[in-house]
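Down below is the structure, laid out as structure tokens.
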Amino acid sequence: MRQHKVKSRAALHLLLLRAAGALQAVAPRKATPVLAPPTADLVLIDGDNVRGKTAFAVSAQSLLEQTRTFAATQDSVLYIDHGLAAECLAVEDNLRVVFAGTAQSADDCIVRDVAFLLEENPSLSV
């Protein structure tokens, strides 16, 4: 059972890496505002919590694409549970994807990063 989880995490990590790479190659699209713009300077998104609220009906790749559209008008960081290693990838100038790695969750990474991010951004929204 443990090997299956590791393989699933590895597959998710590789899928998101490929999706992030594909998105970097695509010309930026103008986002259509659906909600009122956030009042924060930077929005932190726990990707697996968002997906969990949909009973995982939203794929990781779809979430990344939707976050990219949102980030066209709002600086954002998308945090993902697990991953092969703890790392941060710049998808675009205003969008980063953080993989929590094997020892932490996305929640742990958000808690870890808040103090540092507040040094550069007067307000955050999580």
Side-chain angles (χ1 to χ4, degrees):
M1 186 75 156
R2 176 83 175 135
Q3 288 180 334
H4 177 63
K5 282 187 176 183
V6 171
K7 287 180 184 177
S8 296
R9 288 182 200 158
L12 175 63
H13 187 89
L14 292 174
L15 173 68
L16 286 169
L17 283 174
R18 284 190 203 116
L23 289 175
Q24 288 171 332
V26 176
R29 291 180 261 161
K30 184 173 178 160
T32 305
V34 177
L35 302 173
T39 57
D41 296 301
L42 181 65
V43 175
L44 309 180
I45 303 164
D46 185 323
D48 289 299
N49 285 0
V50 171
R51 292 182 61 226
K53 288 294 182 183
T54 68
F56 293 91
V58 174
S59 71
Q61 186 167 0
S62 175
L63 177 64
L64 181 60
E65 291 167 2
Q66 291 176 49
T67 304
R68 180 178 178 263
T69 300
F70 174 75
T73 59
Q74 174 67 56
D75 290 344
S76 305
V77 182
L78 176 62
Y79 287 83
I80 303 294
D81 287 329
H82 314 298
L84 297 176
E87 62 183 323
C88 178
L89 303 171
V91 176
E92 294 185 5
D93 289 341
N94 53 348
L95 176 60
R96 303 288 183 267
V97 176
V98 174
F99 291 97
T102 59
Q104 294 184 325
S105 69
D107 298 295
D108 298 329
C109 292
I110 291 170
V111 169
R112 175 200 66 204
D113 292 349
V114 164
F116 170 76
L117 292 170
L118 280 171
E119 290 177 13
E120 298 292 323
N121 303 278
S123 63
L124 300 175
S125 179
V126 181

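Side-chain atoms of Thr54 do not come within 3.5 Å of backbone N or O of Gly52 as any donor-acceptor pair. With hydrogens and angles ignored, the 3.5 Å screen pairs no side-chain donor or acceptor of Asn121 with any backbone N or O of Asp41. No donor-acceptor pair closer than 3.5 Å links the side chain of Arg96 to the backbone N or O of Ala90.
When the side-chain contact (heavy atoms from CB on, under 4.5 Å) test is applied to Leu118, the partners found at least two apart in sequence or on another chain are Val114, Leu124. Residues meeting the side chain to side chain donor-acceptor pair (under 3.5 Å) test with Ser62, sequence neighbours left out: Gln66. Phe116 is linked by a side-chain contact (heavy atoms from CB on, under 4.5 Å) to Glu119, counting only residues two or more places apart in sequence or in another chain. Here Asp107 pairs with nothing under the side chain to side chain donor-acceptor pair (under 3.5 Å) rule; sequence neighbours left out. Scanning for side chain to side chain donor-acceptor pair (under 3.5 Å) contacts around Asp46 gives Asn49, with sequence neighbours left out. Residues that satisfy the side chain to side chain donor-acceptor pair (under 3.5 Å) test with Ser105, not counting sequence neighbours, are Asp108.
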Before giving the answer on side chain to side chain contact (heavy atoms under 4.5 Å, CB included), spell out for Leu44 and Tyr79 the whole-Å C-alpha distance, their side-chain angles and the decisive distance to 0.1 Å.
CA-CA 7 Å; Leu44 309 180; Tyr79 287 83; 4.1 Å; yes
Take Val50 and Val58, measure what side chain to side chain contact (heavy atoms under 4.5 Å, CB included) needs, and give me the verdict at the end.
CA-CA 9 Å; Val50 171; Val58 174; over 6 Å; no
So Glu87 and Leu89, side chain to side chain contact (heavy atoms under 4.5 Å, CB included) or not? Walk me through it.
CA-CA 7 Å; Glu87 62 183 323; Leu89 303 171; 3.9 Å; yes
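Considering CG of Asp75 and CG of Asn94, their distance stands at 5.5 Å, rounded to 0.5 Å. Remark: Cys88 SG to Leu78 CG distance equals 10.5 Å, nearest 0.5 Å. Distance check, rounded to the nearest 0.5 Å: CD1 of Ile80 to CG of Leu63 gives 6.0 Å. Taking CG of Asp81 as the start and CZ of Phe99 as the end, the distance is 11.0 Å to the nearest 0.5 Å. One distance of note links CD1 of Ile45 with CG of Leu42; it measures 9.0 Å at 0.5 Å rounding.
What you find for Ala106 and Ala100 is that their closest heavy atoms are N-CB, 3.7 Å. The two residues Ala60 and Arg51 make their nearest non-hydrogen contact at N-NE, 3.6 Å.
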